[in-house]
Number of protein chains: 2
Amino acid sequence: MRTLEWNPKNNSLTMIDQRRLPEVLEIVSYRTHTDVAQAITDMVVRGAPAIGASAAFGLALAGFESAAQTPRDLFAAYQAAANILKAARPTAVNLAWAVDRILVSALASDLPHADDLRVFVLAQAQKLADEDVEINQRMAAYGAELISDGDTVIHHCNTGALAAVDWGTALGVIRTAWEQGKKIHVLVDETRPRLQGARLTAWELSQYGIPYEIISDNMSGYFMRTGQAQKVFFGADRVAANGDVANKIGTYMLSLAAHDNEIPAYSVVPTSTVDLSLAHGGLIPIEERDPAEVLDIRFQGERVTPLGAKARNPAFDITPNRLITGIVTENGVVYPPFEINLKKVVKQ
Amino acid sequence: MRTLEWNPKNNSLTMIDQRRLPEVLEIVSYRTHTDVAQAITDMVVRGAPAIGASAAFGLALAGFESAAQTPRDLFAAYQAAANILKAARPTAVNLAWAVDRILVSALASDLPHADDLRVFVLAQAQKLADEDVEINQRMAAYGAELISDGDTVIHHCNTGALAAVDWGTALGVIRTAWEQGKKIHVLVDETRPRLQGARLTAWELSQYGIPYEIISDNMSGYFMRTGQAQKVFFGADRVAANGDVANKIGTYMLSLAAHDNEIPAYSVVPTSTVDLSLAHGGLIPIEERDPAEVLDIRFQGERVTPLGAKARNPAFDITPNRLITGIVTENGVVYPPFEINLKKVVKQ
């Protein structure tokens with residue numbers, strides 16, 4: 001199944017609850033755009049492409065929720081829902097990109113009846129989701145050429161099928177290389193604080209039969225310095241016009257270690273993740289989440305942190321373009337100077 | 001109380017079980033050198049100075065365990081125990097340093113009766129422990145001069161009173177700066193996989209009333225790049241003659257981030273941690289521990305990693321000397337070139 005799918009039987013959005021894996025594969029279903037927005041905020045669904053697609057379906061839900069009789073009134077309902085959905089998380093640009101794309105096409109459709117518009121918006125969301133899968137596979141084909149037989153690849157966060165509608169970005173590249181018969185090994189950054197690597201990427205890799213070992217994030221430098229890793233792959237939540245990459249917290253330090261050891265570091269993103277409107281990464285908003293995500297882990301069955309302990313929890317960081325070897329998109333691999341070369345692959 | 005103390009009532013070594021904090025402050029006591037060696041391996045006691053001192057007392061225990069009637073036979077028992085104690089963990093040189101120091105003084109003592117030698121060895125261990133506290137306070141005084149009023153300091157692992165006999169190394173510096181009235185804030189690297197920062201350093205800081213926030217290890221680069229940290233402090237388990245620093249896994253990536261942001265990074269160590277016999281860090285043995293330490297954490301009450309998941313677990317890494325701003329010792333702060341300047345402060 002896909003990570004998220006529209007259920008036409010009852011007009012609902014069906015998703016894997018990514019908070020429960022690997023322990024439980026639980027399917028949840030949403031019938032309102034506010035519930036979808038909350039699911040994005042709570043990280044029931046996460047991963048830049050996946051939250052874009054779920055927000056697109058969230059917009060479709062808003063149409064079925066609305067009692068509007070005219071396209072004009074219905075469009076107002078879509079706009080209100082769009083604002084709620086876009087506010088669910090700030091960093092990944094795919095969220096706003098997907099919602100705005102649907103809104104623009106709804107406005108341009110100029111359909112005479114509200115029900116036609118409802119059907120049209122749903123079809124647009126479905127098209128966006130289908131395209132996501134196809135784009136992922138094109139990226140994977142380009143990216144797989146960068147992986148050699150015998151490589152050990154370090155991977156950060158989760159960028160697999162769970163992070164997209166299907167297949168994935170950076171993990172999609174690894175999966176395609178594996179299916180091409182390349183013998184590869186993955187060192188899986190556990191990705192504190194939410195452990196997307198240890199929970200989700202490890203689960204996906206075990207499903208695919210790709211050999212892996214989990215490491216804590218602070219170990220990747222050790223494996224690079226001791227010659228035990230050859231490539232670094234991660235996704236992105238937003239790429240600025242100059243190639244600065246906002247991605248899951250820890251990507252900056254991982255890329256620094258790659259650079260220090262002359263190991264290539266690739267960000268794998270659909271062009272919808274590239275935000276040419278922002279000149280550099282410093283302009284990308286960084287979400288800071290609940291400190292409880294850092295504090296509330298358990299160790300050997302016991303509370304880890306002292307009572308009353310405080311924490312900080314920035315969810316992303318900016319990796320400066322000087323540390324990025326290449327950006328893999330569905331239109332090819334982009335190399336520096338990114339300011340010039342990103343524009344060539346992005347349709348805006 | 002001290003982290004570890006000799007109990008003269010029943011000739012036992014009494015320690016805080018550091019695996020139980022912050023949940024439970026449990027005191028454990030050992031009467032054999034093999035139990036002390038196991039406690040070091042299992043990290044009941046950890047921290048380079050603390051394992052050195054506990055091994056010294058472990059040697060004293062071996063004397064009381066032995067039925068030897070002559071100094072010669074007793075010395076053989078000490079040698080056998082020394083081998084067991086030194087093998088408990090490979091990376092921190094303080095372990096071998098402490099054991100060898102006691103052995104050498106025992107051999108040189110030339111005492112006529114076995115019981116005199118038993119008392120002498122215990123006195124030597126006690127002297128080493130007392131000196132450790134005094135040395136820590138001298139380091140702290142030198143190091144505190146490097147901290148300015150208003151600084152936010154990033155600290156890795158635990159290097160406080162728990163990591164030594166008392167006071168600590170890098171955390172001792174922070175504590176002294178705080179007691180001098182400097183308003184400081186500590187960002188506490190949680191220090192995966194065993195979470196010495198989240199568990200032990202946070203607990204110590206809350207005891208001392210020093211403000212802190214816990215961060216996951218992969219966040220420190222973010223706080224440096226966004227101007228929210230001014231200094232980095234950590235200890236070391238072994239420093240090579242050229243100033244390469246073996247310390248808790250993650251120190252290399254932390255130091256890289258400090259260097260990339262022109263933030264000073266200091267290693268705080270007693271000179272007993274400096275191993276002039278090793279030319280560079282590549283010669284320092286790195287312990288790799290049980291993968292279960294990485295795999296077996298709990299998140300929101302659920303298992304984190306898939307059944308059958310594998311992991312790697314190097315416990316230390318090497319930070320090259322080019323990333324170290326200064327090494328704080330009890331004989332002053334050493335700056336590059338470390339090859340030349342370390343020799344000046346180390347008595348060997």
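Residue numbering restarts at 1 for every chain, and letters A, B, ... go by the order of the sequence lines.
- E190(A) places a side-chain heavy atom less than 4.5 Å from the side chain of V294(B).
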Using the rule given for side-chain contact (heavy atoms from CB on, under 4.5 Å), can you reason through K310(B) versus Y212(A), listing the C-alpha separation, both sets of side-chain angles and the distance that settles it, and then say yes or no? CA-CA 7 Å; K310(B) 292 180 181 174; Y212(A) 70 92; 5.8 Å; no
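- The shortest distance between side-chain heavy atoms of D260(A) and H259(B) does not fall below 4.5 Å.
- Note that CG of L254(B) is 11.0 Å distant from CG of L256(A), once rounded to the nearest 0.5 Å.
- Formation of a donor-acceptor pair under 3.5 Å by the N218(B) side chain with backbone atoms of R192(A) is found in this model.
- Within the 4.5 angstrom heavy-atom criterion, no atom of E204(A) approaches chain B.
- A cation-pi contact, defined as under 6.0 Å to the ring centre and within 45° of the axis, links R225(B) to Y252(A).
- Both the backbone and the side chain of N313(A) come within less than 4.5 Å of a heavy atom of chain B.
- Heavy-atom pairs under 4.5 Å with chain B were tallied for P211(A), S206(A), P320(A), A292(A); the largest tally goes to P320(A).
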Could you walk me through whether I214(A) and L295(B) pass the side-chain contact (heavy atoms from CB on, under 4.5 Å) check? CA-CA 8 Å; I214(A) 299 167; L295(B) 294 170; 3.7 Å; yes
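- Residue contact with chain B, scored on non-hydrogen atoms closer than 4.5 Å, involves the side chain of L195(A) exclusively.
- Atom CZ of residue R194(A) and atom OG of residue S216(B) lie 12.5 Å apart, to the nearest 0.5 angstrom.
- A heavy-atom distance below 4.5 Å is not found between the side chains of M253(B) and M219(A).
- Counting heavy-atom pairs closer than 4.5 Å to chain A, the top residue among M224(B), H156(B), K248(B), Q228(B) is Q228(B).
- Contacts between F316(A) and chain B at a heavy-atom distance below 4.5 Å involve the backbone alone (N, CA, C, O).
- Both the backbone and the side chain of S220(A) come within less than 4.5 Å of a heavy atom of chain B.
- When each of D217(B), D317(B), T191(B), L205(B) is scored by its heavy-atom pairs under 4.5 Å with chain A, the top score falls to D217(B).
- A 4.5 Å side-chain heavy-atom check between Y222(B) and I318(A) finds every atom pair outside the cut-off.
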